[in-house]
Amino acid sequence: GELVADLHSAGFTHKDAHPGNVLVDASAQTWIVDAASIQKATTSRITRDLVQAAGESRERTSARFRARFLLAYLRRTDPARRSEAAARIEAIEGAARIARRQHVAAEIDRWSRESGVVARLVDGDLALLARHSLSRTEALALAHTAISGGDTPNARVVRGHQARKVWSTHARLEEHHVPAARPLVLVESPRLLGIFTALPGARAARCESPLDARAFGQLAGTLWDRGLGLRSLEVAIDQYGAAFVDLTSRVSDAVDLAEHLAPWRDDSSTGFDWTSSADFRAAFVTAQRGSRLQRAAVRAILLAPSTLS
């Protein structure tokens with residue numbers, strides 16, 4: 001926080017402000033990297049830096065960590081207004097959640113072209129995109145097997161025009177660190193199909209199980225925290241008892257909590273209202289990465305069932 005404050009006080013901002021662009025040396029001295037992103041400071045750019053730093057780190061850090069960063073910044077830049085720090089931190093946290101969702105949505109096209117997350121491979125008439133964690137040999141073998149209709153162990157295939165929609169949806173979920181089937185390969189030619197991870201031992205949730213209720217609450221809460229919602233409950237429990245989003249293209253921005261919880265209130269596969277479970281509600285609140293006030297607001301809504309109907 002003090003490092004960013006010193007940068008701003010010197011009349012500069014950093015258009016790609018996030019923890020990955022800060023290094024700490026052996027003597028605990030902090031350094032800003034990616035100097036090409038440094039710009040002349042303006043009021044709007046300074047606010048952007050703070051919102052971006054909070055947004056880009058909110059899915060990997062605690063609210064306490066981000067509050068300490070922002071408090072250190074505010075103490076350094078404007079110690080006379082310390083009494084306003086809590087309100088300013090709350091405003092930045094609220095904006096950060098929205099900014100993070102918008103940033104992911106704007107950058108999701110990098111999963112559809114050669115980029116830092118996927119490589120474009122060509123082998124004769126076969127053209128595909130494969131995540132970098134796969135070798136060329138692994139990606140081509142998966143693609144050839146899927147095209148021929150062969151068995152793809154630990155992988156599932158989506159064919160036809162839906163493949164690209166499911167690919168983009170699961171890329172978005174991965175960018176937001178939401179547990180979901182991971183996109184592996186998108187074959188674009190000679191025919192369109194997507195290949196995704198399959199989780200061995202995955203099963204439907206049991207409404208009588210408190211552990212499953214907690215797993216569902218954790219997943220539903222994580223989606224809400226990211227500003228995302230499911231239009232249908234295409235979810236399952238993996239072999240370790242964690243819930244994940246199964247293959248779907250039906251993910252949308254979530255604005256209203258009651259609407260977000262609708263699929264969980266009326267699970268079409270069981271007819272069960274997951275929100276009636278105290279275990280679901282507790283896990284939902286725990287999954288929130290926002291401030292204490294934001295978590296309290298979510299808890300109040302969940303504990304007032306009439307507001308969800």
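In summary, E138 and R131 do not engage in a salt bridge, as defined by a charged side-chain N under 4.0 Å from a carboxylate O. The residues R66 and E93 are annotated as salt-bridged, a charged nitrogen and a carboxylate oxygen being separated by less than 4.0 angstrom. Salt-bridge formation is detected for the pair D6/R76: a Lys NZ or Arg NE/NH1/NH2 atom is positioned less than 4.0 Å from an Asp or Glu carboxylate oxygen. Ion pair R265/D273 not flagged as a salt bridge, since none of the NZ, NE, NH1 or NH2 atoms sits closer than 4.0 Å to an Asp/Glu carboxylate oxygen.
Listed for the R45 side chain is a donor-acceptor partner under 3.5 Å among the backbone atoms of K40. Listed for the R164 side chain is no donor-acceptor partner under 3.5 Å among the backbone atoms of G160. Listed for the H260 side chain is a donor-acceptor partner under 3.5 Å among the backbone atoms of A220. In this structure a side-chain-to-backbone donor-acceptor pair under 3.5 Å is present from T47 to T43. For the pair D267 (side chain) and F272 (backbone), a donor-acceptor distance under 3.5 Å is absent.
V158 and L173 are assigned to two separate hydrophobic clusters, defined by single-linkage of ILVMFWY side chains at heavy-atom distances under 4.5 Å.
Taking 4.5 Å as the limit, some side-chain heavy atom of I89 sits within range of a side-chain heavy atom of L74. Inter-residue side-chain proximity for L7 and L3 is flagged as unmet; no heavy-atom pair is nearer than 4.5 Å. Using a 4.5 Å cut-off on side-chain heavy atoms (C-beta onward), R110 and E175 make contact. The closest side-chain heavy-atom distance from F65 to L70 is not below 4.5 Å. At a threshold of 4.5 Å between non-hydrogen side-chain atoms, the residues D225 and R58 count as touching. Contact check for W31 versus V22: no side-chain heavy atoms found under the 4.5 Å cut-off. Residues Q288 and Q294 have side chains not in contact (no heavy-atom distance under 4.5 Å, counting atoms from C-beta outward). Within the 4.5 Å cutoff, side-chain heavy atoms of L126 are placed close to those of I147.
The two residues G241 and A215 come nearest to each other via the heavy atoms O-CB, 3.3 Å. In plain terms, the two heavy atoms of V185 and A130 that are nearest each other are CG2-CB, 4.1 Å. Scanning both residues, Y73 and L50, for their nearest heavy atoms gives CE2-CD1, 3.6 Å. Residues F244 and A181 approach most closely at CD1-N, 4.2 Å, considering heavy atoms. Closest of all the heavy-atom pairs between A171 and I108 is C-CD1, 3.6 Å. Between L186 and W167 the shortest heavy-atom distance is N-CZ3, 3.5 Å.
Enclosure of atom CZ in R113 by more than 12 non-hydrogen atoms of other residues, nucleotides or ligands within 6.0 angstrom is indicated. Around atom CZ of R231, more than 12 heavy atoms belonging to other residues, nucleotides or ligands sit under 6.0 Å away.
Checked against a 6.0 Å centroid threshold, the rings of W274 and F216 count as neighbours.
Figure legend: cation-pi geometry between R182 and W111 absent, as NZ or CZ is not positioned both under 6.0 Å from the six-membered ring centre and within 45° of its axis.
S112 and D109 form no side-chain donor-acceptor contact under 3.5 Å, judged by distance and modelled atom types alone. Residues T42 and S44 have side chains that bring a donor and an acceptor to within less than 3.5 angstrom of each other. For the residue pair S27 / Q29, no side-chain donor-acceptor distance below 3.5 Å is found, with atom types taken as modelled. Side-chain contact, R48 with Q39: a donor N or O sits under 3.5 Å from an acceptor N or O. Donor-acceptor pairing under 3.5 Å is recorded for the side chains of S249 and Q162. In this structure, a donor-acceptor pair under 3.5 Å is absent between the side chains of H14 and D49. In this structure, a donor-acceptor pair under 3.5 Å is present between the side chains of S291 and E90.
The salt bridge (Lys or Arg N to Asp or Glu O under 4.0 Å) analysis of residues 189-206, with sequence neighbours excluded, yields the pairs R203-D212.
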Q.
One pair to check against side chain to side chain contact (heavy atoms under 4.5 Å, CB included): E234 and L230. What are the steps and the verdict?
A. CA-CA 8 Å; E234 294 161 305; L230 295 173; 6.0 Å; no
Q: Could you please spell out the steps behind the side chain to side chain contact (heavy atoms under 4.5 Å, CB included) verdict for V157 and F196?
A: CA-CA 6 Å; V157 180; F196 305 82; over 6 Å; no
Q: Please report the C-alpha distance between H170 and T248 in whole Å, then the side-chain angles of each, then the deciding distance to 0.1 Å, and finally whether the side chain to side chain contact (heavy atoms under 4.5 Å, CB included) criterion is met.
A: CA-CA 8 Å; H170 282 261; T248 183; 3.9 Å; yes
Q.
Let's go through E59 and R289 carefully: what are the C-alpha distance in whole Å and the side-chain angles of both, what is the deciding distance for side chain to side chain contact (heavy atoms under 4.5 Å, CB included) to 0.1 Å, and is it a yes or a no?
A. CA-CA 7 Å; E59 292 163 15; R289 309 289 295 186; 5.6 Å; no
Q: Might you work through the salt bridge (Lys or Arg N to Asp or Glu O under 4.0 Å) test for E188 and R120, ending with a clear yes or no?
A: CA-CA 10 Å; E188 298 179 310; R120 183 170 294 281; 2.6 Å; yes
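If you take CG on L199 and CZ on R156, they are separated by 9.0 Å, rounding to the nearest 0.5 Å.
In this structure, the salt bridge (Lys or Arg N to Asp or Glu O under 4.0 Å) partners of D253, at least two apart in sequence or on a different chain, are R101, R172.
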